[in-house]
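So you know, we letter chains A, B, ... as the sequences are listed, proteins then strands, and number each from 1.
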Number of protein chains: 2
Amino acid sequence: MRKTSHRRIAATATALPPQAKLKGARGRALDTALHLFAEKGFGGTSVRDLCQAANVQPATLYAHFPTKEHVLAELITLAYEELYRALRSSLLESSSDPEAQLRALVKTHVLSHCEYSMLAVVASAELHMLSADLMAPILTLKTQAEGLLIEVLERGAEKKRFAMDDALLALKAISGMGLRVAFWYAPDINKTPEQIADSFANYACRIVGAAAAPNDSQ
Amino acid sequence: MRKTSHRRIAATATALPPQAKLKGARGRALDTALHLFAEKGFGGTSVRDLCQAANVQPATLYAHFPTKEHVLAELITLAYEELYRALRSSLLESSSDPEAQLRALVKTHVLSHCEYSMLAVVASAELHMLSADLMAPILTLKTQAEGLLIEVLERGAEKKRFAMDDALLALKAISGMGLRVAFWYAPDINKTPEQIADSFANYACRIVGAAAAPNDSQ
DNA sequence: GTCTATAGTCTGATAGAC
DNA sequence: GTCTATCAGACTATAGAC
């Protein structure tokens, strides 16, 4: 196994969403794969590494997953399902005000990338390792999740609540800065996920030219 | 070689800075490695893949580089050297105004990540594959390059020209959105690098709470 | 410097007993 | 479902001729 001094991801805690059932050899394999894929990458993790760390025999792993690639695909699917669920839920709980909706999406995006940073790193950095067949359904999920922010941005622009030079660039800036949180956030830094999420929500509002909320209650 | 439907990086054009001498087998190897590492990752590219695509025999490659890892290290070193050079140069050409300096750094960061997007992708996504020995000098370079933005942000805060909630978070947001440009920029999109760079420089100024420049001349 | 050929190791995945 | 044992091929890197 490789020796590295720099870690791709700052966080160390396990984080699979509660939806994922982690019982038995299959659960240990998924949880261990999440750690190793986040740390070493899919290509940098051998089936032997994975099985040894998960205390699972190779043949047992292949009783649960047809190929190593299917393990990755399941993790990335979990990642986008959880993100989409959280984003949609946050929209449902916010008012119809475009700025409130933008704040809700960015806050949730950042909070989710703090709590499930390993999932987010694997989903964004290892997606391209999947074959077309396994990637296709994931790309559908990904497009759905990204569509939520696009809709809010476009609706805010139509209602003249946002003064964006360009919706695409604002989208890329906001999603980019949020995505990177998964790579540098760690529980031992001097900020809580809530502080980061609030700051980034403010940044997003400034990027799109929305006035800062005068009060807590929108 | 793997078949993938999703590309990690949108750009396709070769881009090694002019400093890199690309003559002969060594040059072909470096140039080809840049493409393959950006597209497939370091772990997803075999020496055979690389040599075949570069029209270089394995034994010839090993006459120029001690290991496959040294090829990656050279590319990442080139990436950070070029970025550091460009950022420092842009600071020298800007005025002493913190906002002008911030704009210069962000513009240069984005322009460099458009022009050398493959280098930036490899440098950010494959750095963790290096062993400690090869990574150490690169981390020094990386810290130097990042320090330029930190200094500008702190100086602007001291002079009360920036109204940041938190310098670290602003830094992470600005560098994160700029870094991601390398992954999605392609020459065929509907924006020029200059447009993207100008927009992102505006975003950065808004993030740190600097007033928008009233005119072109700072 | 570049070639042909291959050493030695590790890879993903499987066969077959229990 | 889990085990032991292993296949067939791919991997990084090298030896030695020219």
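- Listed by chain and residue number, F42(A) satisfy the ring pair (Phe, Tyr, Trp, His ring centres under 6.0 Å) test with F37(A) (two or more places apart in sequence, or in another chain).
- For R155(B), the side chain to side chain donor-acceptor pair (under 3.5 Å) partners are Q101(B), not counting sequence neighbours.
- Under the ring pair (Phe, Tyr, Trp, His ring centres under 6.0 Å) criterion, Y80(A) pairs with no residue at all, not counting sequence neighbours.
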Which letters describe nucleotides 2-15 of chain D, given B = protein heavy atom under 4.0 Å from base, S = only from sugar-phosphate, - = neither?
-> BBB-B----BBBBB
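- The salt bridge (charged side-chain N to carboxylate O under 4.0 Å, His left out) test applied to E154(B) returns no partner, not counting sequence neighbours.
- Listed by chain and number, the residues in a side-chain contact (heavy atoms from CB on, under 4.5 Å) with A63(B) amount to none (sequence neighbours excluded).
- Distance, L61(A) CG to dA15(C) C1': 17 Å, rounded to whole Å.
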